[in-house]
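Report on one structure; see the data block that follows.
Because the structure is predicted, anything quoted here is derived from the model rather than measured. A, B, ... follow the sequence lines: proteins, then strands. Residue 1 opens every chain. Hydrogens, waters and symmetry mates play no part in the numbers below; they use all other heavy atoms, side chains included.
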Amino acid sequence: MVLIYTPAEAPEKRIGFAVGKKIGNAVIRNKVKRRLREAVTPLLPEIAPGCRLIFIARSPITEVTFKEIESTVRRLVQKAGLIG
RNA sequence: CGAGUAAGCCAAGUGACCGCGCGGCGUGAAAAAUCGCCGUGAGGAAAGUCCGAGCUCCAUAGGACAAGGGUGCCGGAUAACGUCCGGUGAAGGCGACUUUAAGGAAAGUGCAACAGAAAUAAACCGCCCCGCGCCCGCGGGGUAAGGAUGGAAAGGUGGGGUAAGAGCCCACCGGCGGCACGGUGACGCGCCGCGUCCCUGUAAACCCCACCCGGAGCAAGAUUGAAAUGGGAGCAUUUAAUGGCUGUCCGUCACGCUCCCCGUAAUCGCUGGAACUGUUUGGCAACAGGCAGUCAAGAUAGAUGGUCACAUAAACAGAACUCGGCUUACGGCUUACUCGAUAA
RNA sequence: GCGGGUAUAGUGUAAUGGUAACACAUUAGCCUUCCAAGCUGAGAUAGAGGGUUCGAGUCCCUUUACCCGCU
């Protein structure tokens with residue numbers, strides 16, 4: 001997974017998910033998006049306002065459990081320095 | 001038990017916590033937001049976009065034809081269809097059963113490589129007769145049974161007949177024509193006649209015949225329409241100010257106001273319909289009619305998920321204007337039937 | 001949403017329904033002391049499946065992948 005991070009001027013939190021056609025068919029893409037949303041939502045109160053994030057999914061995400069997705073998302077956000 | 005054939009059904013459910021879309025009610029002075037409660041929330045193919053319709057806009061007096069495209073045995077069903085149902089013929093399978101683009105080759109044109117003597121026309125090897133000749137063989141004639149080539153060689157099998165043969169003659173089968181009967185019809189069945197029964201195949205080659213088709217598509221289309229920029233028209237002009245063209249002067253353009261165009265976007269279209277469920281009547285069936293009941297997603301980057309428990313949840317796959325089909329992908333289950341093996 | 005096209009040797013392209021051709025590349029041999037050049041050969045079941053036909057790369061249907069156009 002890849003995280004693209006841009007600081008925003010206004011105190012807002014905008015998060016987007018990019019799941020390309022290489023990941024799979026429509027059912028699999030929808031599922032990946034749903035799981036990513038579910039993984040990011042608990043982190044929302046911890047993230048400092050004023051940021052724009054884009055999560056880009058790569059193909060191994062289809063064979064991975066939800067817990068791994070959750071830990072990867074948390075690691076990426078920590079690496080970006082948004083939460084302590 | 002194995003191998004098949006046909007028809008049909010399901011596409012998970014329940015509970016706990018946390019979340020999502022839409023609708024209703026409450027909260028809120030009102031709108032929006034928030035919060036709470038209740039209801040509801042993807043498919044058999046939602047897919048491919050191969051056909052047919054509704055709906056909307058454009059064109060069109062009405063009709064006919066051409067071009068282009070499509071369909072093509074018969075009868076029925078349907079809003080319509082290239083779909084479905086029931087039949088006929090043909091083909092395949094031991095069988096249950098299945099498949100079928102199945103009009104016209106005597107309207108015309110084209111094509112049929114190679115092989116073969118010859119491909120729409122006839123005699124290479126043969127067989128037979130006659131003449132010459134010592135047998136081999138040569139010349140003339142008859143013939144198309146056999147061989148050889150080919151996907152296809154002027155019906156097939158058997159018998160008679162003959163110098164050898166040949167529908168030359170006969171029987172059966174096939175073919176063509178006519179009549180009668182049955183059937184709505186495709187067609188079936190029977191009888192009679194025809195041996196001039198000469199005319200290959202290909203129309204999924206052009207084509208002919210019959211029938212059908214105006215075009216575009218919900219990003220259709222309708223309503224509303226902020227700011228800025230751009231374009232157009234009109235008005236106003238102070239010898240005002242500001243900016244550009246040259247630092248200054250003159251000149252000129254823009255900047256002002258009103259209207260129009262363009263249009264970021266929002267709302268509608270958007271789900272009550274050739275609808276679904278049950279039952280009954282008619283029909284072999286497709287289907288149609290009656291009665292009763294139900295309202296059952298409507299998003300706009302696109303909603304169904306996460307963690308658990310129930311031994312375990314598996315295939316293909318995610319609505320985007322809506323229906324009727326077709327095609328393709330795919331898991332499981334049930335019923336009936338056929339064939340084979342084994343046992344009684 | 002609507003419509004069109006392409007797929008042939010490793011690569012780029014041809015061919016009227018009748019033996020799949022050309023160039024470069026690959027490879028084997030010849031030539032040369034060796035290399036290059038040159039000469040002579042070899043390698044394809046036509047994206048996949050089915051049908052029409054005596055015969056299909058070509059005609060028809062289904063399907064897969066890619067490309068393009070309109071809105």
Side-chain angles (χ1 to χ4, degrees):
Chain A
M1 209 183 314
V2 177
L3 172 62
I4 295 178
Y5 161 68
T6 308
E9 295 174 2
E12 59 181 5
K13 293 180 198 169
R14 290 192 170 189
I15 297 171
F17 304 98
V19 183
K21 246 183 179 177
K22 283 183 184 174
I23 301 292
N25 58 23
V27 174
I28 293 170
R29 291 202 304 270
N30 256 342
K31 184 167 187 180
V32 167
K33 277 189 268 184
R34 281 193 303 255
R35 298 179 102 175
L36 282 174
R37 269 192 224 112
E38 203 61 41
V40 170
T41 307
L43 299 175
L44 271 179
E46 306 179 38
I47 296 175
C51 64
R52 293 174 175 174
L53 307 176
I54 298 175
F55 290 91
I56 301 172
R58 299 296 190 214
S59 52
I61 201 171
T62 55
E63 299 143 12
V64 157
T65 63
F66 178 73
K67 294 210 168 170
E68 291 179 75
I69 295 174
E70 222 170 10
S71 62
T72 307
V73 167
R74 177 169 279 277
R75 208 188 65 236
L76 280 171
V77 174
Q78 277 174 348
K79 203 174 167 187
L82 291 166
I83 53 177

Anti versus syn assignment for [N], with syn defined as within 90° of 0:
| N | result |
| --- | --- |
| A42(B) | syn |
| A12(B) | anti |
| G167(B) | syn |
| G44(B) | syn |
| U271(B) | syn |

Complementary nucleotide of [N], counting Watson-Crick and G-U pairs under 3.5 Å:
| N | answer |
| --- | --- |
| G221(B) | C268(B) |
| A67(B) | none |
| G72(B) | C209(B) |
| A216(B) | U56(B) |
| A314(B) | none |
| C127(B) | G142(B) |
| U258(B) | A233(B) |
| U279(B) | G290(B) |

Expressed as a whole number of Å, how far does the [atom1] atom of [N] sit from that of [M]?
| N | M | atom1 | value |
| --- | --- | --- | --- |
| G92(B) | G182(B) | C1' | 31 Å |
| G298(B) | A33(B) | C1' | 23 Å |
| G17(C) | U53(C) | C1' | 9 Å |
| G104(B) | C55(B) | P | 41 Å |
| A144(B) | C61(C) | C1' | 47 Å |
| U49(B) | U328(B) | P | 16 Å |
| A299(B) | A42(B) | C1' | 12 Å |
| A341(B) | A311(B) | P | 46 Å |

* Asked: Would one find a side-chain N or O of Arg37(A) under 4.0 angstrom from OP1 or OP2 of G302(B)?
  -> yes
* Asked: So, for Leu3(A) and Leu76(A), which heavy atoms are closest and what is the spacing to 0.1 Å?
  -> CD2-O, 3.6 Å
Pick out the pairs of N or O atoms, protein on one side and nucleotides 314-318 of chain B on the other, that lie under 3.5 Å.
{"from": "G318(B)", "atom 1": "OP2", "to": "Ala26(A)", "atom 2": "N", "distance (Å)": "3.4"}

* **Qualifying residues under side chain to side chain contact (heavy atoms under 4.5 Å, CB included), relative to Arg75(A), sequence neighbours excluded** => Thr72(A)
* For Ile56(A), which residues count as a side chain to side chain contact (heavy atoms under 4.5 Å, CB included) partner, sequence neighbours excluded? -> Val2(A), Ile4(A), Ala18(A), Ile54(A), Arg58(A)
* Not counting sequence neighbours, list each pair that qualifies as a ring-ring contact (aromatic ring centres under 6.0 Å, His included) and has a residue in residues 22-51 of chain A. =>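 Residue pairs passing ring-ring contact (aromatic ring centres under 6.0 Å, His included), neighbours aside: none found.
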* **Qualifying ring-ring contact (aromatic ring centres under 6.0 Å, His included) pairs with a residue from residues 25-59 of chain A, counting only residues at least two apart or across chains** => Phe17(A)-Phe55(A)
* To do: Specify the residue among Lys33(A) and Glu70(A) whose closest nucleotide of RNA chain B lies further upstream toward the 5′ end.
  => Lys33(A)
* Ranges pairing with ranges for RNA chain C, where each run has three or more Watson-Crick or G-U pairs under 3.5 Å ->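 RNA chain C forms these stems: C:1-7 with C:64-70, C:10-13 with C:21-24, C:26-30 with C:38-42, C:47-51 with C:59-63.
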* Just how far is it from atom CZ of Arg37(A) to atom CZ of Arg34(A), taken to the nearest 0.5 Å? ->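 So the gap between those two atoms works out to 8.5 Å.
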